[in-house]
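Keep in mind that the numbers below use all heavy atoms, side chains included, and drop hydrogens, waters and symmetry copies. This structure is a prediction, so every number in the text was calculated from the model and none was measured. So that the names make sense, note that chain A is the first sequence line, chain B the second, and so on, each numbered from 1.
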Protein chains: 4
Amino acid sequence: MRVKDDIKNSKIYQATISLTSRVGLAGLTMANIAQAAGIATGSVYTYYSSKVVLINEIYKQTLSRYEERLYDDIAFDDAVDVNLRKVFLNYMHYLQAYREEWIFQDQYYFSPYAVKNHDMQQTTDAMFLPLTQILEQGQSIGLIKPVPTNYFIYLLHGFGHEVSAAVHMGLETFDEILIENSFSLYWSAIKQ
Amino acid sequence: MRVKDDIKNSKIYQATISLTSRVGLAGLTMANIAQAAGIATGSVYTYYSSKVVLINEIYKQTLSRYEERLYDDIAFDDAVDVNLRKVFLNYMHYLQAYREEWIFQDQYYFSPYAVKNHDMQQTTDAMFLPLTQILEQGQSIGLIKPVPTNYFIYLLHGFGHEVSAAVHMGLETFDEILIENSFSLYWSAIKQ
Amino acid sequence: MRVKDDIKNSKIYQATISLTSRVGLAGLTMANIAQAAGIATGSVYTYYSSKVVLINEIYKQTLSRYEERLYDDIAFDDAVDVNLRKVFLNYMHYLQAYREEWIFQDQYYFSPYAVKNHDMQQTTDAMFLPLTQILEQGQSIGLIKPVPTNYFIYLLHGFGHEVSAAVHMGLETFDEILIENSFSLYWSAIKQ
Amino acid sequence: MRVKDDIKNSKIYQATISLTSRVGLAGLTMANIAQAAGIATGSVYTYYSSKVVLINEIYKQTLSRYEERLYDDIAFDDAVDVNLRKVFLNYMHYLQAYREEWIFQDQYYFSPYAVKNHDMQQTTDAMFLPLTQILEQGQSIGLIKPVPTNYFIYLLHGFGHEVSAAVHMGLETFDEILIENSFSLYWSAIKQ
DNA sequence: TATGAATGAGGGTTCATTCAT
DNA sequence: CATGAATGAACCCTCATTCAT
């Protein structure tokens, strides 16, 4: 039973994320989700007790996947520039592969479903702690500009999203060159 | 006879933008809008024939205000670095003052209301043409890196949004220092 | 002022009748009526205090016109068969010229606006009294079948409506032949 | 799972017909229908996707029942006068038993819901084809007047409705005598 | 008096949720 | 446990009526 359940749960997740990326939370209905997941409307309630719960659970799941990806293959005793490049690449790849997740998060953030509590903020902070540590390490050896590390995170985030959006709008092609050009600009911005 | 009222129209605009920034398009109802605008539900239909029309009209209005602001006080025969700084500052100020507009646009983009046609893309392209020209001018005099100007626009956009978001989350204070630090990083990224 | 008022009143009457014949009472709105009458919505209320009053007033007006027409040019001391033919012709011409009135009456009768009181029934009875007298006169001289005169009225009514409807549907042409054929059948039915 | 219910469908049909006969299409609401059918408002939409669809579907259903009844128990190789009497009786009984259906049809015809297309006309034509054939057969053997058969149909229709209306208004009693008197007049009209 | 914008109750419809099968 | 019909609150929208101009 467990395996079967997990498969359905996963289908609901995918259906929700995918639908939201196409029609926003404003166009999301339980019937839609069920249909896209290939199950009956009522069955969704076996997995999530309500729409609010469903959306919040799925939001949390997206956060988990996010963190997992961001620090993939990072060895914290590697050189700062190596790690930064890796995090940047990880982020770009995450945005490319999980764009729907990002759209979902974005839609969620300003929706009536969002639980605007401190937990969430703390989760986000925690998520960027490793990156902050890498950046501070870079500052301590004079490799990176001595401005608050937050700026570098804003830059990473914002730039990444925009490039990713451009790719998904068909304005750019997601390839080696794109990533190298992007990282090159990023590095120009933060390096001492 | 009572005359159709620009003030009421403006209140509907404000109410829509403001509500969307708080509860997203998913939480937006005609009754909400009317109440926030201080008029009767039915009166909204004197100004906009349906919810779809209302949302699309208001979306267009936000685009107009956006463009207007972006090139405020720009003299195109000024020096490239002067103009770039001005555009950057304009953008930061726009995001600060019109954050709700930006949230509305963001919510709109992935909603069932979005008209995904070429007109919209063309409008956006046209909006960035002046900035592109400034950047190309900078490249022609060897002041700016010879990479496609799109990258610089992604950087401006993304960075701006993230900094602005941080301000509105209370993580940063919107002041001279913030803007100078931000522009400084931006300039490091794009300058030759 | 009186003349002007009467003109507007008449326009409201025509608009109401005409609209009802096209879209039924279910499709009738005060705004429609006003527009078709070439006046402002609010102005209708100068002449009729509410929609219910308007519809009932206009219903009564249709009844008056009806009676007026039915006995047009009848001399009650003429021969029975002459008078019957005249009433028949009058009725056919009334239905032809005032078909919209008839549709209005028909729609009214089963609508929530209908005042189902005895007054109406009495009015209708009174309307047919002269015809009944003609028919009874015919029976007394052995010209007409000795069945209750009601039957002859049902026959006149029903047949007339159907022929008229056929004309308006384009199935028949309203001319001498049609009327003669029709009356001929009617006369076959009632004559001794 | 609960299964779509023919009984509920039938209740919706009855509720719609019955309500329309009392308050017209102008007084018909989906909430009314649901209440009269003993189900929830939303449930009506499980069976009919909109009010327009509901009204049109039910209109078609009334036509089917109509035809079915009109030729009940007719053997087309019986004598013309026998068949004519039967059709007449069938029609009178139909009008008596299904008066609400007739009112519904009447209200429908001039409503904004009516689909005024050729299909409808063709359906009606087809419905009267058998009767026309009986009448023509009667003409060919010199039993019936050589006037276009349409007239006899107008007469049947119109007379029937008026007599039926009189019954329902309490002016006549629906019994053997009424029917015999009526048919007798009808036969006088059409016989050679 | 004439106008048509303003009002808000009420209608058509959707959809989260429940529940019989 | 899965299904999808049933429910009814809440949505979008209409329209009779009012009222400022």
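- Listed candidates were E:dA16, F:dT17, E:dT3. Nearest to the side chain of A:Lys51 is E:dA16.
- The side chain of C:Ser50 lies closest to F:dT17, out of F:dT17, F:dG4, E:dG12.
- Backbone-only engagement by B:Leu28 is indicated by non-hydrogen atom pairs under 4.0 Å involving sugar-phosphate atoms exclusively.
- C:Thr29 comes within contact range of the sugar-phosphate backbone alone, with a heavy-atom separation under 4.0 Å but no base atom that close.
- Nucleic acid contact for B:Ile33: none, since no nucleic acid atom lies under 4.0 Å from a heavy atom of the residue.
- In this entry F:dA20 has E:dT3 as its Watson-Crick or G-U wobble partner, both defining distances falling under 3.5 Å.
- At the heavy-atom level, C:Tyr48 lies nowhere under 4.0 Å from the strands shown.
- Taking the side chain of A:Ser43 as heavy atoms from C-beta on, and the options E:dA2, E:dT17, F:dT3, the nearest nucleotide is F:dT3.
- Between C:Tyr13 and C:Arg65 the shortest side-chain heavy-atom distance falls below 4.5 Å.
- Listed here is the closest heavy atom pair of A:Glu101 and A:Thr62: CG-CG2, 3.5 Å.
- Considering every non-hydrogen atom in both B:Leu19 and B:Ala36, the closest pair reads CD1-CB, 4.1 Å.
- Base contact: D:Thr41 has a heavy atom under 4.0 Å from a base atom.
- Across all strands shown, E:dT13 forms a Watson-Crick or G-U wobble pair, both distances under 3.5 Å, with F:dA10.
- If you check every strand for non-hydrogen atoms under 4.0 Å, C:Thr46 touches sugar and phosphate atoms only.
- Looking at the side chain of C:Lys8, the nearest of the listed nucleotides E:dA2, F:dA5, E:dA5 is E:dA2.
- The nearest heavy atom of DNA chain F to C:Val52 and to A:Ala40 marks one nucleotide each, and the one closer to the 5' end goes with A:Ala40.
- For B:Met30, the side-chain atoms get nearest to F:dC13 when compared with the rest of F:dT18, F:dC13, E:dA20.
- Residue B:Tyr47 contributes atom OH, which lies 11 Å from atom C1' of E:dG4 at whole-angstrom precision.
- Ring planes of A:Tyr59 and A:Phe104: tilted class, angle from 30 to 60°.
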